[in-house]
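Hydrogens, waters and symmetry mates are skipped; everything else that's a heavy atom, side chains included, is used.
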Amino acid sequence: KTRSLLSVFEEDAGTLTEYTNQLLQAMQRVYGAQNEMCLATQQLSKQLLAYEKQHFALGKGDEEVISTLHYFSKVVDELNILHSELAKQLADTMVLPIIQFREKDLTEVSTLKDLFGLASNEHDVSMAKYSRLPKRKENEKLKAEVAKEVANARRKQHLSSLQYYCALNALQYRKRVAMMEPMLGYTRGQNLVSLFKVTQPLKKRAAQSFPPLVLGITRLHIQGELDAEAEKMRVSQQDLISVNESVYTPDSDVTSPVINRNLIQKAGYLNLRNKTGLVTTTWERLYFFTQGGNLMCQPRGAVAGGLIQDLDNCSVMAVDCEDRRYCFQITTPTGKAGITLQAESKKEYEEWICAINNISRQIYLTDNPEAAAIKLNQTALQAVTPITTFGKKHEAHHSSQNVRNTENDKTTPNESAGAQDSTQLIALGTPIQFDIVLPATEFLDQNRGGRRANPFGESEDSSKNEEEDSLLQQMFVVRFLGSMAVQSDDTSEVIYEAMRQVLAARAIHNIFRMTESHLMVTSKSLRLIDPQTQVTRISFELATVTQFAAHQDNRRLIGFVVHLSETPGEDSMSAYVFESNTEGEKICYAISLGKEITEAQKDPEALAQLMKSVPLTNDGKFMLLNDQAEEDGTTHEEGEESEA
């Protein structure tokens, strides 16, 4: 807003400067014509007196003509004196004020504009240097030096901008006097001619002048307004200059920033990443602001902003980009990567992500957007509260009712003892992994086009042989939500707790991007396959999957626990959470069937009995009834919103 308003004031000052120059040229032309009139009347008077000095051959009777010409010469001399006085009046009251206005006020504004531009450029250079500070292995000394450089540049820009703004505001008052004063001076000079009387002595006539009542009243009124405005600007300037030095230092509160997570609109400067070639990029510092469900961008010098991204149903998440800090990316509803932005501080970084997340959920369309945003974030914070807390709240809330219904509501000791504390299922502070990173060796193999090596020790041929030998092959489209270490695999409650913590962590950290994969369920293993490269992202033997369950409310959520023996005596258990395009119960049934096939293969009679109870495909493999048709029918269309 300040830049936009400044451009209007600058445009006004530029128009005023151009008009003042044209007005000055016209006034100088009038003054030049008045000077020429003085010279012309002086020359005329001399020529009238020179008549008697002429030697005419027939000069009889010229005495009357000579005396008359002498009289006219005196009149012209008096008029010459009057025109000379008028020329002086025009020079002092018409030309001089407009020259002073141009040289003092307009030149001051132009000089301050140049200083402000230099300070702004210096600040941009220091901010570009600060934005390039690496995210990893930060040099604290270098960071402190760059931050101090930015603070000094900001303070310099602040002071120069205040002086520039004050000069622009004062110009709006001074131009009102500057435009009227020359013309009042011109009117005053011309009034000398209208008051001239031939019968009055010249000195008396010259002493009379036009009373400058209009000019005096106008100047007093405008000067009073200017003085009042100047005092207000002086007080505001002192208040702004006396702020703490930390205000100018970027990211000064990095350790404990006060973050507002309930924003439904946001504005500020961000760095926009632009691709200039196949591998080259540039970063441009621009002003961004939200308007409804749109992200707008306004370049410097532009009168209004333009649409750069529709935020409805978009997702936003933090990204690592070119080793820069505070970067985040906006992804379109179709999953296509959108724009990448960089904030200048942790506070701005967190608030931009929260604001975009709130807007993407179309909270701004509700009757009370602020209350909806507060409720949404409170729900997300409560979601990571341990289950025991909710149990205590529930117990306290219903304590009186339980007392009244003691005879009717009885709990057995086994039931109370069976309920496990969430801390016994998952340790507090357990980190959550939100993506399955492709191993570096596989990435190199893909780019080489050579033979891919499976990171779990299985060759590509062995995987193919496994698929051919497996009696069950079932493919499901899933999206990985997260995984975390767990402490127990005795009950499916650990899966529900892992789902709750993964979804809550995604909501709190504004992580909404999910990696889509194909989950291949066979009678020997679970394999997660990249749908584009057909590379196995991760694989688990079916025997290591000890628990699996679908969510009770959201049937598309599926999770399973993998129990691995890393070293003798040391076991690790991890819960993996996915969202599927079909019901999670079908994936659970496929896993259960795979386990039954594995057990049945040990007993030929049991295997034969199982083959009779479950339909087979044409190639003799087990088939899930109506699964493929429903799989195809429920495949996500592009842009469909995820329930998770």
Side-chain angles (χ1 to χ4, degrees), residues 1 3-4 124 127-128 131 259-277 280-322 324-366 369-370 372-373 376-377 434-435 479 506-516 636-642 644:
K1 290 181 179 179
R3 288 280 186 179
S4 179
D124 290 341
M127 278 303 303
S131 299
I259 299 170
N260 185 0
R261 301 185 181 275
N262 306 321
L263 295 173
I264 56 172
Q265 57 183 3
K266 180 71 175 171
Y269 280 94
L270 296 171
N271 292 328
L272 173 64
R273 183 174 181 263
N274 296 314
K275 287 196 70 174
T276 57
T280 57
T281 59
T282 59
W283 293 82
E284 185 178 8
R285 190 168 184 263
L286 298 171
Y287 185 78
F288 289 84
F289 62 96
T290 60
Q291 192 175 66
N294 299 323
L295 178 64
M296 313 291 286
C297 173
Q298 183 171 350
R300 184 173 297 178
V303 179
L307 176 64
I308 192 169
Q309 181 77 50
D310 183 3
L311 298 179
D312 287 344
N313 298 320
C314 283
S315 61
V316 58
M317 64 180 298
V319 293
D320 290 331
C321 189
E322 299 180 12
R324 284 178 173 244
R325 302 177 302 162
Y326 309 134
C327 292
F328 58 94
Q329 185 180 74
I330 302 174
T331 306
T332 63
T334 60
K336 181 180 179 182
I339 59 174
T340 301
L341 301 168
Q342 180 190 21
E344 69 175 46
S345 65
K346 184 177 181 180
K347 173 182 170 63
E348 288 291 302
Y349 163 77
E350 294 281 356
E351 288 188 350
W352 268 108
I353 291 179
C354 292
I356 294 174
N357 176 36
N358 292 337
I359 294 172
S360 69
R361 300 184 181 186
Q362 300 181 348
I363 294 177
Y364 63 93
L365 297 177
T366 60
E370 291 81 3
L376 176 67
N377 286 284
F434 295 109
D435 198 1
R479 282 166 296 281
R506 277 182 168 267
I508 288 179
H509 297 290
N510 302 288
I511 302 173
F512 301 98
R513 188 176 68 178
M514 295 178 287
T515 304
E516 186 171 285
H636 271 222
E637 295 293 336
E638 189 172 359
E640 184 179 343
E641 185 179 1
S642 166

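Evaluated for a side chain to side chain contact (heavy atoms under 4.5 Å, CB included) with C314, the options L295, I359, I330 yield exactly one hit, I330. Shown are I264, N262, N358; of these, the side chain to side chain contact (heavy atoms under 4.5 Å, CB included) with E370 is made only by I264.
Within the 4.5 Å cutoff, the side chain of Q362 has heavy atoms near those of the N313 side chain. Side-chain contact check for T340 versus W283: some heavy-atom pair is nearer than 4.5 Å. S315 places a side-chain heavy atom less than 4.5 Å from the side chain of T331.
In this structure T366 satisfies the side-chain hydrogen bond (donor to acceptor under 3.5 Å, both in side chains) test with no other residue, sequence neighbours excluded. Annotation: side-chain hydrogen bond (donor to acceptor under 3.5 Å, both in side chains) contacts of T332 (sequence neighbours excluded): T334. Not counting sequence neighbours, the partners of S131 by the side-chain hydrogen bond (donor to acceptor under 3.5 Å, both in side chains) test are N271. Considering only residues two or more places apart in sequence or on other chains, T280 meets the side chain to side chain contact (heavy atoms under 4.5 Å, CB included) condition with T276. Judged as a side-chain hydrogen bond (donor to acceptor under 3.5 Å, both in side chains), and not counting sequence neighbours, the contacts of D312 are Y364. Listed by chain and number, the residues in a side chain to side chain contact (heavy atoms under 4.5 Å, CB included) with A267 are Y287, F289 (sequence neighbours excluded). With sequence neighbours excluded, no residue forms a salt bridge (Lys or Arg N to Asp or Glu O under 4.0 Å) with R324. Residues satisfying the side chain to side chain contact (heavy atoms under 4.5 Å, CB included) test with E348, not counting sequence neighbours, are K266, A343, S345, E351, W352. For C297, the side chain to side chain contact (heavy atoms under 4.5 Å, CB included) partners two or more places apart in sequence, or in a different chain, are L286, F288, I308.
The distance from atom CD1 of I259 to atom NZ of K347, rounded to the nearest 0.5 Å, is 7.0 Å. Atom-to-atom distance recorded for R325:CZ and Y349:OH is 12.0 Å, nearest 0.5 angstrom. M296 contributes atom CE, which lies 5.0 Å from atom CD of Q291 (distance to the nearest 0.5 angstrom). To the nearest 0.5 Å, atom CD of residue Q309 and atom CD1 of residue I356 are 9.0 Å apart. The CG atom of N274 sits 8.5 Å away from the OG1 atom of T281 when rounded to the nearest 0.5 Å. Between atom CZ of residue F328 and atom CG of residue N357 there is a gap of 12.0 Å, rounded to the nearest 0.5 Å.
Each salt bridge (charged side-chain N to carboxylate O under 4.0 Å, His left out) pair with one or both residues in residues 280-293, not counting sequence neighbours, appears once here: D124-R285, R285-E344. Sorted by first and then second residue, the ring-ring contact (aromatic ring centres under 6.0 Å, His included) pairs involving residues 292-317 (not counting sequence neighbours) form an empty list.
The minimum heavy-atom distance between C354 and R261, with the atom names listed, is SG-NH1, 3.4 Å.
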